[in-house]
Amino acid sequence: MLQNRRVFRTKKRNLVGLGPQDISRGDLVCLVAGTDVSFVFRRHGTAEANAPGGVRLVRNAYVYGIMYGEFVKNDSFPTPYPHLHPTKTHAAMVLQDLGRRISGALHDATRAPNLDEKAFKSMLNEISGALLEADVNVKLVSRLKNSISTTVNFKDLPPAVNKKRLIQKTVFDELVRLVDPHAEPFKPKKGKSNVIMFVGLQGAGKTTTCTKLARHYQARGFRACLVCADTFRAGAFDQLKQNATKAKIPYYGSLTETDPAKVAREGVDKFKKERFEVIIVDTSGRHRQESALFQEMMDIQEAVKPDETIMVLDASIGQQAEAQAKAFKEAADFGAIIITKTDGHASGGGAISAVAATHTPIVFIGTGEHMLDLERFAPQQFVNKLLGMGDMAGLVEHVQSLKLDQKETIKHITEGIFTIRDLRDQLSNIMKMGPLSKMAGMIPGMSNLPGMAGMDDDESSSRLKRMIYICDSMTEKELDSDGKMFIEQPTRMTRVACGSGVSVREVEDLLSQQRMMAGMAKKMGGSMKNMQKAQQAMGGGNKAQQMAAMQKRLQSMGGAGAGGMPDMASLARMFGGGGGGGMPGLPGGMDMQKMMESMGMGGMMGGGGGGRGRR
Ligand SMILES: Nc1nc2c(ncn2[C@@H]2O[C@H](COP(=O)(O)OP(=O)(O)OP(=O)(O)O)[C@@H](O)[C@H]2O)c(=O)[nH]1
């Protein structure tokens, strides 16, 4: 389980086990009749994959709680095939696992018919164990445990107190305290040159994160640019150049100058003269905390006098994080931390402990290699999300930052129309939003749904791309049509299929999805007008207050890790489209679950299932 092996878990029973090292996301762990160990199977990725014969054996596995047949005897698990009993396996993100364990412990304790001291203590032990396993510093865990015990003070609780509420609130508050150093992070000011310098060990993700951050500020209206002061690693400037070019961000660096402080000064001076507002300086890393690295860091700091120094910490650093952060703090006195690679198998707790050790706030977390994989870190929202309670404010901010153009589609839906072009626009908007699993994590209750945790982002993204290719192979007239011309002239389908490199069947599927959505649009046409009026009336008020009220309402629907699923249709209606304080990501009244299902991602919403294979 620990040395390079995988951990399996199912949401309901937290099953844990050992598996082969080459196990991968989406594999099935099955009990086969007549055997007493479980086996890992892999789907072939064809339409027949769901048929009993559509899988191949990878190797055996040991999963506690199912290997002696307990699983088969428990009829609360779905049994899609009589002789194969799959549980969803995935190379789980450990932070997500940590969240699931904590909310599972809370859930078990607070749902117990007799919430006695024993149940409370066992919940505390489970939470502490989960935090320790995730590499959170042992002193911090013990402090958290004591604090919860003291605040709840189970023995002397007056009978009138709502124990469940109190426990939930205390655990939540203490987890927030763990990641909140109560220090205000730096905020760049418009109309001024804000110099931000990055420091960190080699490979922590500095160069990647510099570009992500520059893009983040650029998307929020700042004139952002990048300076490469890494003259130590061959290829560092090329990497920054490549990233910056892709993100359309101006950059500065030198292939010949060897003094990093000189390059940094030249770059910063140049961009200050050009009135750039966010100037990000990337520095070099080393394998270890070497004195040469620290000296270089101080020289660059002296040369560019940054307004903010950010330390980049790899989430997988584990227990060394604290010592490393302390050493960097002494040398470079950084004012903020960015934790990268939180999407990996890292435990993340070490990096979280670094916050407490240096009293420095985490400002962002890196959640993938893509340019958009940077999330603002806010302690309360982070804990909300960790416990599966969603992060609505983050979701709205994320979608708003994408500046999605919805006007045409919303106008169409109001008129009861949904063209193929509308479908194409929606598909590309969904692509811009980033991985669906990430979006799901931000919607209260959604990350707790069966199937969500193991959602295969690569597969859904490639499916979306193929659908966009199909649309891109159509003529303007076809795109603006209601799709009927394809039924009247089926050769059009063959032409589009050839043009986009897919089968005619896939074109047919896309058209039937568009037809289904057009049917929904037709039904919604009339009611939309009234809804927009209501939204406009709401749009004038205080948005922060509305946001807080919405978050509260959704939480009460989702419950604290209870897995309650908000009504997605009403959620989408609340977001509305276009007007007032609505979220421009989804057309008003669109049922997200139906929309995902219609796009062939229904399997993700309900677990199992799986989509149609490619031909
Ligand atoms: N999965 C994932 N990978 C990341 C993330 N951030 C960075 N990476 C990857 O980590 C690797 C190292 O990132 P770099 O940006 O080159 O690291 P660096 O700190 O600049 O390295 P040096 O310049 O050698 O000091 C690259 O392959 C990045 O794509 C993240 O949040 N998630």
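Counting starts at 1 for both ligands and their atoms, following the listed order. Predicted model only: the values in this text are computed from it and were never measured.
Atoms of ligand 1 found under 4.0 Å from any heavy atom of Thr367 (numbered from 1 in listed order, with element): 31 (O). Heavy-atom contacts of Gln239 reach the following atoms of ligand 1: 14 (P), 15 (O), 16 (O) (cutoff under 4.0 Å). Below 4.0 Å from some heavy atom of Gly366 lie the following atoms of ligand 1, by number and element: 31 (O).
For Phe237, there are no ring-ring contact (aromatic ring centres under 6.0 Å, His included) partners at least two apart in sequence or on another chain. Taking the salt bridge (Lys or Arg N to Asp or Glu O under 4.0 Å) definition, one finds that Glu277 meets it with nothing, sequence neighbours left out.
At least one heavy atom of Leu201 sits less than 4.0 Å from an atom of ligand 1. Not a single heavy atom of Gly200 lies less than 4.0 angstrom from ligand 1. At a 4.0 Å cut-off, at least one heavy atom of Asp230 sits close enough to ligand 1 to count as contact.
Without hydrogens or angle criteria, Thr342 side chain to Gly366 main chain gives a donor-acceptor distance under 3.5 Å. With hydrogens and angles ignored, the 3.5 Å screen pairs no side-chain donor or acceptor of Arg223 with any backbone N or O of Gln218. Looking only at distances, no side-chain donor or acceptor of Glu274 sits under 3.5 Å from a matching main-chain atom of Phe276. Remark: the backbone N or O of Val195 is paired with a side-chain donor or acceptor of Asp307 at under 3.5 angstrom.
Residue Asp373 places no N or O, backbone or side chain, under 3.5 Å from any N or O of ligand 1. Every N/O-N/O distance between Thr283 and ligand 1 stays at or above 3.5 Å. Ligand 1 has a nitrogen or oxygen under 3.5 angstrom from a nitrogen or oxygen of Lys206. For ligand 1, the polar-atom distance check against Ala236 finds no nitrogen or oxygen pair separated by under 3.5 Å.
Contact record, Val281 with Ala264: CG1-CB, 4.2 Å, taken as the closest heavy-atom pair.
Residue Asp282 is tested with Thr207, Thr209, Thr211 for a side-chain hydrogen bond (donor to acceptor under 3.5 Å, both in side chains); the sole match is Thr207.
Contacts of His370 with ligand 1, taken as heavy-atom pairs under 4.0 Å, are absent altogether.
The residue among Asn243, Thr208, Thr207 with a heavy atom at the shortest distance from atom 26 (C) of ligand 1 is Thr208.
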